Amino acid sequence: LATDDVGRLDRKIAASAVTEMRDAFRVFAPYHDVPKVTIFGSARTRPDDPVYDQARRIAADLARDHPDDLESAGFACVLAARAGLPDVARDCAGRLEDDRLRAGPGVATLWRARTSAALGEPDAALRLLQRAFSEGLRFDTWLHSDPFLASLRGLPGFRGLEEPSG
């Protein structure tokens, strides 16, 4: 990159991505021999789309089959909220603080923020995002593209979070 015609911002993004990968390797090192699943989603998939229902069923199955997995539980909470089941989503989000579900600093609180955003509760979602960062969640380039936080974009409190303070 140093010899290519790459701007300062692009170099910062690349450096941030490498740092995030390095952190991920460190977080997942103890689970090297454990199979993992990643679900990529889009905020544009509508609840009446068959793909949405398939993702909802997969997330629910993962949450049921792997009750100690924070990512599976988090997806289940957001999908319950998006499916119009606010009581289920809130109950699910409340359980994300369970000590068995630890995945890194601020990650459980991030999933609670995503759930609040999906429930149409922007003030609660922004408070939880701020809390996640104060707990040590790493600020990175993902914030502006997280599909679960799409409803918060453009809000003054969210714009303040997109600008790192350090």
Side-chain angles (χ1 to χ4, degrees), residues 13-14 16-17 20-21 23-25 27-28 30-133 137-159 161-162:
I13 290 171
S16 180
E20 190 172 324
M21 288 173 51
D23 291 346
F25 291 142
V27 167
F28 288 106
Y31 311 102
H32 184 277
D33 295 326
V34 178
K36 298 159 205 59
V37 174
T38 299
I39 299 175
F40 292 96
S42 170
R44 294 178 297 277
T45 304
R46 299 182 48 79
D48 59 348
D49 187 315
V51 171
Y52 181 92
D53 187 57
Q54 182 182 26
R56 182 197 56 74
R57 284 184 282 116
I58 290 170
D61 289 348
L62 286 169
R64 183 194 64 240
D65 296 344
H66 305 281
D68 297 345
D69 180 68
L70 178 62
E71 297 296 316
S72 298
F75 273 109
C77 297
V78 170
L79 289 171
R82 290 188 68 185
L85 303 169
D87 293 338
V88 174
R90 285 187 187 98
D91 180 57
C92 178
R95 288 181 305 200
L96 294 178
E97 295 298 322
D98 187 319
D99 286 341
R100 295 174 301 146
L101 299 176
R102 294 293 167 211
V107 176
T109 305
L110 170 63
W111 277 108
R112 291 180 59 215
R114 289 168 166 162
T115 302
S116 291
L119 287 168
E121 301 169 349
D123 292 337
L126 289 169
R127 278 194 305 277
L128 287 164
L129 270 177
Q130 290 169 336
R131 179 175 157 202
F133 286 121
L137 182 69
R138 197 170 173 302
F139 174 85
D140 222 321
T141 57
W142 61 267
L143 184 62
H144 72 278
S145 62
D146 187 317
F148 299 113
L149 303 175
S151 64
L152 305 179
R153 288 192 187 84
L155 297 177
F158 189 79
R159 285 195 302 265
L161 290 172
E162 290 181 300

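Computation of the quantities below employed the complete heavy-atom set of this structure, encompassing side-chain atoms and omitting hydrogens, waters and symmetry-equivalent molecules. This one's a predicted model, so the numbers in the text were calculated from it and none came from an experiment. For this chain, numbers begin at 1 and follow the sequence in order.
Closest of all the heavy-atom pairs between Gly74 and Leu96 is N-CD2, 3.9 Å. Between Thr109 and Ala132, the closest heavy-atom pair is CG2-N, 3.8 Å. In this structure, Cys77 and Ala93 approach most closely via the heavy-atom pair SG-N, 3.4 Å. Among all heavy-atom pairs drawn from Pro147 and Arg153, the shortest one is N-NH2, 4.4 Å. The shortest non-hydrogen separation linking Val88 to Ala80 is CG1-CB, 3.8 Å.
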Apply side chain to side chain contact (heavy atoms under 4.5 Å, CB included) to Phe148 and Leu110, showing your working. CA-CA 10 Å; Phe148 299 113; Leu110 170 63; over 6 Å; no

Applying side chain to side chain contact (heavy atoms under 4.5 Å, CB included) to Thr115 and Cys92, what does each step give before you reach the verdict? CA-CA 9 Å; Thr115 302; Cys92 178; over 6 Å; no

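For the side chain to side chain donor-acceptor pair (under 3.5 Å) condition, the pairs that include at least one residue of residues 120-130, sequence neighbours left out, are Arg90-Glu121.
For the side-chain contact (heavy atoms from CB on, under 4.5 Å) test, residues two or more places apart in sequence or in another chain that qualify with Pro122 are Leu152, Leu155.
The distance from the CZ atom of Phe75 to the CZ atom of Arg82 is 11.0 Å, given to the nearest 0.5 Å.
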